[in-house]
Amino acid sequence: MTKYGFAINLHRCVGCRTCTIACKMENSVPEGIQHMRVLNDQGDTVYDVPSGSYPALSFEWTPVPCMHCDSSPCLPVCPTGATSKRDDGIVLVDEEKCIGCRMCMEACPYDVRSFDESSKTVVKCSLCAHRLDAGLSSTMCQLCCPNRAIVVGDLDDPDSAVSRTIRENETTRLLLEQETGPNVHYWRSVNQGL
């Protein structure tokens, strides 16, 4: 089996938001919507405000794509089956089936879904499924990240870069108390080992 997921090195992320722009370009993401939000220490995407006190100031950012959860809370609430999960773990929205009720947005504890006013549908990160299906080994956010902070791959393959990264580093995941089984792992390391 294949199960796709992310590992994101928070030490290497400099908050440049290249991942956000790369995703917008690759997936024709509408204006005002981000499939890969980059949050600062305060959970804000607009202003980069340092934490700490002068002279010991620091910046920290957290890229947040869809978590492609093992137990996706967005799936059971969708009344039309527009939200589905592939065998490889990628959670997708079928815009042809989406009626724009936004129930999946309410169910998602990660706030990674958006309502597209032009299509009247819900949109989100697709983990560049079209690229992976075409045999390309990376998402556009991974490919374009200037600091190589993003690793994407098969979590079920112990030899994949993403599995090695998770195995060799102490990683965390967001909102584990929600019991969604998020497939985005975060860690801090100066040496990525790739």
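Not measured: the values here are computed from a predicted model.
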Carefully, step by step, assess L10 and W187 under the rule side-chain contact (heavy atoms from CB on, under 4.5 Å). CA-CA 6 Å; L10 299 178; W187 90 103; over 6 Å; no
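- Between the R173 side chain and the P182 main chain, a donor and an acceptor come within less than 3.5 Å of each other.
- Using a distance-only test at 3.5 Å, with no hydrogens or angles considered, a donor-acceptor pair links the side chain of D116 to the main chain of S118.
- In this model, a donor atom of one side chain and an acceptor atom of the other lie less than 3.5 Å apart for T83 and R113.
- Note that NZ of K97 is 7.0 Å distant from OG of S84, once rounded to the nearest 0.5 Å.
- Contact check for C13 versus P63: side-chain heavy atoms found under the 4.5 Å cut-off.
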Could you go step by step and tell me if T18 and T20 meet the side-chain contact (heavy atoms from CB on, under 4.5 Å) rule? CA-CA 5 Å; T18 298; T20 303; over 6 Å; no
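- By the neighbour-count criterion of 12 heavy atoms within 6.0 Å, atom CD of E117 is densely surrounded, having more than that number from other residues, nucleotides or ligands.
- Taking each heavy atom of C128 and M140 in turn, the nearest pair found is SG-N, 3.4 Å.
- Side-chain contact between C144 and C19 is absent, with no heavy atoms from C-beta onward closer than 4.5 Å.
- The minimum heavy-atom distance linking F6 with C141 is given by the pair CE2-SG, 3.9 Å.
- Annotation: salt bridge (Lys or Arg N to Asp or Glu O under 4.0 Å) contacts involving residues 54-79, sequence neighbours excluded, comprise K3-D70, E60-R188.
- The shortest distance between side-chain heavy atoms of D94 and T80 does not fall below 4.5 Å.
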Between L92 and R86, does the side-chain contact (heavy atoms from CB on, under 4.5 Å) criterion hold? Intermediate values first, please. CA-CA 8 Å; L92 296 174; R86 299 182 354 168; 3.5 Å; yes
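- A donor-acceptor contact shorter than 3.5 Å links the side chain of K24 to the backbone of P30.
- Nearest heavy atom pair, residue A7 against residue I166, reads CB-CG1, 4.3 Å.
- Atom-to-atom distance recorded for I150:CD1 and S138:OG is 10.5 Å, nearest 0.5 angstrom.
- Note that CG of N169 and CZ of R164 are 11.5 Å apart. Values are rounded to the nearest 0.5 Å.
- Few gaps surround CD on E177; more than 12 heavy atoms of other groups in view lie less than 6.0 Å from it.
- Using a 4.5 Å cut-off between side-chain heavy atoms of Ile, Leu, Val, Met, Phe, Trp and Tyr, with links allowed through other members, L132 and M67 fall into the same hydrophobic cluster.
- By the 4.5 Å heavy-atom criterion applied to side chains, V14 and F59 are not counted as neighbours.
- By the criterion of side-chain heavy atoms lying less than 4.5 angstrom apart, applied directly or through intervening Ile, Leu, Val, Met, Phe, Trp or Tyr residues, V112 is not grouped with V93; the two fall into different hydrophobic clusters.
- Remark: of the listed residues V151, L127, N27, L127 is the sole one forming a side chain to side chain contact (heavy atoms under 4.5 Å, CB included) with T139.
- You'll find the side chain of D157 stays beyond 4.5 Å of the side chain of T2, heavy atoms only.
- Of the possible donor and acceptor atoms, one in the side chain of H68 sits under 3.5 Å from a partner among the backbone N and O of V91.
- A 4.5 Å side-chain heavy-atom check between T121 and V123 finds at least one atom pair inside the cut-off.
- Checking side-chain atoms of H35 against main-chain N and O of K124 turns up a donor-acceptor pair under 3.5 Å.
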Stepwise side chain to side chain donor-acceptor pair (under 3.5 Å) check, S137 with R131: CA-CA 8 Å; S137 61; R131 292 179 57 83; over 6 Å; no
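- Closest approach of K85 and C69 over heavy atoms only: NZ-O, 2.6 Å.
- Between L39 atom CG and D111 atom CG the span is 9.0 Å, to the nearest 0.5 Å.
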side-chain contact (heavy atoms from CB on, under 4.5 Å) evaluation trace for D133 with H130: CA-CA 5 Å; D133 291 347; H130 62 285; 5.7 Å; no
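- Remark: L174 CG to T62 OG1 distance equals 7.0 Å, nearest 0.5 Å.
- Side chain of D154 to backbone of Y4: no donor-acceptor contact under 3.5 angstrom is found.
- At least one side-chain heavy atom of I8 sits less than 4.5 Å from a side-chain heavy atom of P65.
- Proximity of a side-chain donor or acceptor of S71 to a complementary backbone N or O of G181 within less than 3.5 Å is not detected.
- Side-chain atoms of S163 come within 3.5 Å of backbone atoms of L155 as a donor-acceptor pair (strictly under, hydrogens ignored).
- Looking only at distances, no side-chain donor or acceptor of K120 sits under 3.5 Å from a matching main-chain atom of C98.
- W61 CH2 to R17 CZ: the interatomic distance, rounded to the nearest 0.5 Å, is 8.0 Å.
- Considering all non-hydrogen atoms of both residues, M103 and P79 come closest at SD-CD, 4.3 Å.
- Counting heavy atoms from C-beta outward, C125 and C23 have side chains that stay 4.5 Å or more apart.
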